[in-house]
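Chain identifiers are assigned alphabetically (A, B, ...) following the order of the sequence lines, protein sequences preceding nucleic acid strands; residue numbering begins at 1 within each chain. Side chains are part of it too, since the values below use all heavy atoms of this structure and drop only hydrogens, waters and symmetry mates.
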There are 2 protein chains.
Amino acid sequence: MPLYFQVATRLQELIEKGEIGVGARIENEVDLAERLGVSRPTTRRAIQYLVERGMLVRKRGVGTQVVHPKVRRPVELSSLYDDLVAGDRSPRTEVLELRTMPAPDPIAAALEVAPGTEVTWIERLRYAGGEPLALMHNAIPVDVLRLTPEDLASHGLYELLRRAGLTPRIATQVIGARSATAAEARILTEKRGASLLTMTRTAWDAGGRALEYGSHVYRASRYSFELNLSAG
Amino acid sequence: MPLYFQVATRLQELIEKGEIGVGARIENEVDLAERLGVSRPTTRRAIQYLVERGMLVRKRGVGTQVVHPKVRRPVELSSLYDDLVAGDRSPRTEVLELRTMPAPDPIAAALEVAPGTEVTWIERLRYAGGEPLALMHNAIPVDVLRLTPEDLASHGLYELLRRAGLTPRIATQVIGARSATAAEARILTEKRGASLLTMTRTAWDAGGRALEYGSHVYRASRYSFELNLSAG
DNA sequence: CTTATCAGTTTGTCATGACAAAGTATTGAC
DNA sequence: GTCAATACTTTGTCATGACAAACTGATAAG
């Protein structure tokens, strides 16, 4: 574990425990470095880490202040399944459809691959707490990953990607809303015309290769997106 | 302008122009630093900057690769008004209500201030391209900023905050959806029961002080949220 | 009393040097 | 020909030293 990370963790603990209260200034970099027996760049990097997480704020000529006692996590690249597991809402997945087919033009465009590229097309129904929560459509290029219905029934798509050594790194999402069609309402046990949250996403790995395109609809009565933002 | 930033900008231009193609590896840090006549830490910092923006990816023992030719901006702390101006959709704002009142409990809780703290309560209707787009409710503690209807009619709330030297730094947002009430439908010229996107947000400044609470509804037929995410 | 100047404090930037860790390519043994 | 050990390349971490820029507060001038 890197030194700067150890320092950051130690600082973070002090703040989370409240031993350095909100609004208080922490020791200046030079003294802190000397007291901990590390160099100033290392100290700076540790502080920088906590600044990026929204715990600390620096001001030149003034010092470094605690602004929030808890880490505000940035928006994360996780899947719904992971979120539900973390929230203890006992997710279950029903695979309604799984087949390979040439990508339709809009999906090929979203994935930034040639039109007609073979993709695995998946339609899944996600339950949480025994109730249907979301209807999810995904397209994964076949040369990225091959999937079986069994895998998908018991694991999140992102978990399967990670297991195959594929790490989503960058994603663009569009969140919107619309009314449920009759078919959607029936599947999600909502009334016709009920409001649905829609989310479309394309995710790329570190190599810039598109891993996944997703077009999902959520029951607005049961789900919302939570975001934590921090500006430079 | 800092040296590392100049280097980053230069690299960024080369990549955006396509002179360094996607997938190509850039020169290694040591050589690049020497060629540009700067130190390796400065070069590293410049590269780090572009990595955080999703343009480059580093791999120890391998090198640094271009993964995307355009900057993927992180989710930004900007207001709807700013977005619309940038998108040339000629926004206009109608202030429906503006008064000071003690903050109701849920709003006081969101702002992390004492219940009953005086806030300015604002109800605005935002137009874009001549059509109503969003109905916005905001609460701003009076000791943070005092507002006049004239200011608000011609400027975004965030612009007014900035002008007063208040910079939103951290925010938490919740995005959801629901059906329009009869009153909302009438104001937004939608049908009754039309789907609306909802967004509630609390924004804090660098000092950890809550600047603003907002609860907005958007016409789902005319607006959606776009997010770019990048994972560490 | 008000305002301008100046010194002190603290973070921001940059250079140099060194070693560690991870991945790749080459070489050698079998 | 295959596999393992080795050398090489490249990024990751860390130390030391120095000066610049921004803010604060005290001091001096009006």
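The side-chain contact (heavy atoms from CB on, under 4.5 Å) search around A:R25 returns A:V62, A:Q65, not counting sequence neighbours. Scanning for side chain to side chain donor-acceptor pair (under 3.5 Å) contacts around B:D143 gives an empty result, with sequence neighbours left out. In terms of the side-chain contact (heavy atoms from CB on, under 4.5 Å) criterion, residue partners of B:Y4 (sequence neighbours excluded) are, by chain and number, B:P2, B:T42, B:R45.
A straight line from CE of A:M1 to C1' of C:dA20 spans 17 Å, rounded to a whole angstrom. Following rounding to the nearest Å, B:R60 (CZ) and C:dT24 (P) show an atom-to-atom distance of 13 Å. Counting to the nearest Å, the P atom of C:dT11 and the CG atom of A:L50 are 14 Å from each other. Rounded to whole Å, the distance from CD1 on A:I47 to P on C:dT10 is 12 Å. Atom CG of A:D31 and atom P of C:dT9 are 11 Å apart (whole Å). Distance A:L32 CG to C:dT10 P: 12 Å, rounded to the nearest Å.
A:R40 comes within contact range of at least one nucleobase, with a heavy-atom separation under 4.0 Å. Backbone-only contact: A:R45 has heavy atoms under 4.0 Å from sugar-phosphate atoms and none from a base. B:P41 comes within 4.0 angstrom of a nucleotide base, judged by non-hydrogen atoms across all strands.
Comparing B:T43 and A:Q48 by the nucleotide of DNA chain C whose heavy atom lies nearest to each, the residue mapping closer to the 5' end is A:Q48.
The salt bridge (charged side-chain N to carboxylate O under 4.0 Å, His left out) pairs that include a residue from residues 32-44 of chain A are A:E27-A:R35, A:E29-A:R40, A:E29-A:R44, where partners are two or more places apart or lie in different chains. Within the structure, ring pair (Phe, Tyr, Trp, His ring centres under 6.0 Å) pairs that include any residue of residues 20-64 of chain B comprise B:F5-B:Y49 (at least two apart or interchain).
In this structure, the separation between OG1 on B:T93 and CG on B:L152 is 8.0 Å, given to the nearest 0.5 Å.
For DNA chain D, the contact window with chain B, defined by any atom under 4.0 Å from a protein heavy atom, covers D:dT9 to D:dT13 in 5' to 3' order.
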